[in-house]
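The structure displayed is predicted, hence computed values, not measured ones.
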Amino acid sequence: MNKAVVGAAALAVVAGGGVGFAAWSGGKVAKELQAQTAAVLAPFPGVKVVENSVSTGLFSSTHTTTLELGCAPATEPGLQPAADGAAPKPVQITWRDHVSHGPLPGGRGVGLAAIDTEIVYSPEVKEKLAKLFGDQAPLTARTVLGFGGGYVSEVTSPAFKYAEAGKGDIDWQGLRATLSGQFTGGTPGAGTFAFEAPGFTMNFSSEDQGAGTVRVGRISMDGSVNPQPGGSFLLAPSQGRGAIASLAVNAKPADGKPVDVLFENLAFVSESRVDGGLWSADSTLSMKGRVDDFPVDQVEMKVSMKRLHAATYEQLIGRMMQSSFSCAKPGDEAAMQEAMALQADLMKGVGTLLAHNPEYAVERLAVVVGGKTAEVAYRFGTRGVTEADAEMPMPVLMASKGYADASFKVDNAWIEQVVKKVVSLKPAPEGTTPEEAVAATMAMIASSVDGLAAQGLMAREGDAIVSKAAFEAGTLKVNGQPMNLPLGQMLGR
């Protein structure tokens, strides 16, 4: 057989296969886009999906999504009633996903598909954005889908500089984010993320307020979100970490003393998990810095939330969102009924949450100055709440089944360093040296501590001042000693 004929036949087979694959991939991607959009937006009842449509061609298709955010109030800035007195229209947000079908999507590589996402702006918004970004797109997003159903999305925003005479200027260095996960066969919303922005500088000035500068250094974040099948997207297990290289504020008030604040090496780590339908999370934050010439060696904070009933909490969030986007006019009978129904639903939901013994805690908040530390900690929650208990008035329920404890510890040398800084900020009384003013203030603090210690409210522990308080089963103890605090007094009776 003629080689040219064989080659032409082979080319036709390959081309036909490519056309078939393009048609198949287009339909598959279109179906997934619609399904995942609906799944991700499901927990937000206040957000109405006006359009979630797909226009499909052989080698490309367009997925259009329009969201409507409730009823916009007539007093909202930028929204004015129509000439006939009609209420302003709800806020709408629209974006389009332009999909190039595989196996050679858009002629740029191989894969199941490539998606370029475009946000649709109103003419008024376009005009305002043009002042910042010029003819550049404020935000671009491109997603590549692999044959196995995985995806990688790149989101970028360009740098810009903008200034207004007599008001100030901003120098924004742009941002870049990468998201990845399983587009087909996975849980909607699951995946990893990474975000980076070089930072920005903002100068502001005003004749009556003064001037100043805010500088933010490199910002970075990364982590993962792992929604459970059938579980809450809002309370999905997740891990994350982030950092801000520096945050500097230099303010020169028109009628005050300049302030120069710098924080460096801001870092945070967070993790959340779900066990038996109960959501728990931990997060830590650390940084160092200075206020003018006063150094802060370290700031550390650890916060935790335990045993939050995920399904109930999601219902409460949805209920509050639904009410916040209500179209009922304030003062109308419908608005009053909605408010009463919301209050009843919230009280019922809170009772269900408390039955699972939730706890919120600031496990440690410490500030280190000159090698000396001041730290506080507290927590509160409930124990042993039953469905019957949930019918009790909330103050009675919390007094009988709630618990709380708090503690603080501060080195005396830490207090002295802070006092020295405070004294230096204002002139010392006439005839008094700064050293004498510091000594007098420290003597007054020592006298107050001695008085509180005599009442059992504080104690001295070496060079530190400490205090611990705990409340449970209607009893308050301070430093281990019961305080005379009758239940009626606690309830405000």
Side-chain angles (χ1 to χ4, degrees), residues 67 69-70 72-83 87-95 117-141 155-177 195-221 242-266 268 285 287-294 296 299 324 421 425-426:
L67 308 181
L69 307 181
T75 56
E76 185 173 330
L79 292 177
Q80 300 296 330
K89 295 181 179 180
V91 176
Q92 289 192 346
I93 301 173
T94 299
W95 71 88
T117 300
E118 169 199 11
I119 299 177
V120 181
Y121 302 104
S122 67
E124 295 79 10
V125 172
K126 278 185 177 180
E127 183 180 353
K128 293 178 180 179
L129 291 174
K131 294 180 179 180
L132 301 178
F133 296 96
D135 57 359
Q136 301 180 96
L139 196 70
T140 60
V155 181
T156 61
S157 181
F160 69 81
K161 294 182 179 181
Y162 178 73
E164 284 193 22
K167 294 183 178 181
D169 60 77
I170 182 171
D171 182 359
W172 167 251
Q173 296 300 307
L175 64 84
R176 176 180 294 275
F195 169 92
E196 181 178 0
F200 67 89
T201 300
M202 181 173 64
N203 298 299
F204 56 91
S205 61
S206 171
E207 292 183 2
D208 56 343
Q209 299 295 325
T213 300
V214 176
R215 293 187 178 89
V216 178
R218 179 178 178 271
I219 306 169
S220 62
M221 291 185 289
I244 301 177
S246 61
L247 171 60
V249 179
N250 182 273
K252 301 175 181 178
D255 55 356
K257 184 177 180 180
V259 177
D260 185 15
V261 179
L262 172 66
F263 290 105
E264 297 179 295
N265 301 333
L266 288 84
F268 74 86
L285 171 71
M287 58 184 170
K288 66 177 183 178
R290 61 172 174 79
V291 179
D292 294 329
D293 59 350
F294 184 71
V296 178
V299 178
S324 66
K421 178 58 181 176
L425 296 177
K426 56 183 180 180

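T140 contributes atom OG1, which lies 9.5 Å from atom CD1 of I119 (distance to the nearest 0.5 angstrom). Interatomic distance, CD of Q173 versus CD1 of I219, reported as 11.5 Å (0.5 Å rounding). In this structure, the separation between CG on L247 and CD on E264 is 10.5 Å, given to the nearest 0.5 Å. Atom CG of L67 and atom CH2 of W95 lie 4.0 Å apart (nearest 0.5 Å). With values rounded to the nearest 0.5 angstrom, R290 atom CZ is found 10.5 Å from F263 atom CZ. Note: N203 CG to T213 OG1 = 4.0 Å, rounded to the nearest 0.5 Å.
The two residues P138 and P158 come nearest to each other via the heavy atoms O-CD, 3.5 Å. Closest approach of P253 to P258, counting heavy atoms only: CD-CA, 4.1 Å. Across all non-hydrogen atoms, the minimal contact from Y162 to K131 is CD1-O, 3.4 Å. Looking at every heavy atom in both residues, L262 comes nearest to A248 through CD1-CB, 3.8 Å. Contact between A197 and L175 at its shortest, heavy atoms only, is CB-CB, 4.0 Å.
Although no hydrogens or angles enter the test, the distance criterion places no donor-acceptor pair under 3.5 Å between the side chain of N265 and the main chain of M287.
Applying the 6.0 Å contact sphere to CZ of R176 captures no more than 12 heavy atoms from other residues, nucleotides or ligands. Other residues, nucleotides and ligands place more than 12 heavy atoms under 6.0 Å from the NZ atom of K421.
Scanning for ring pair (Phe, Tyr, Trp, His ring centres under 6.0 Å) contacts around F133 gives F160, with sequence neighbours left out.
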L139 vs V155, test: side-chain contact (heavy atoms from CB on, under 4.5 Å). Steps then yes/no.
CA-CA 7 Å; L139 196 70; V155 181; 3.8 Å; yes

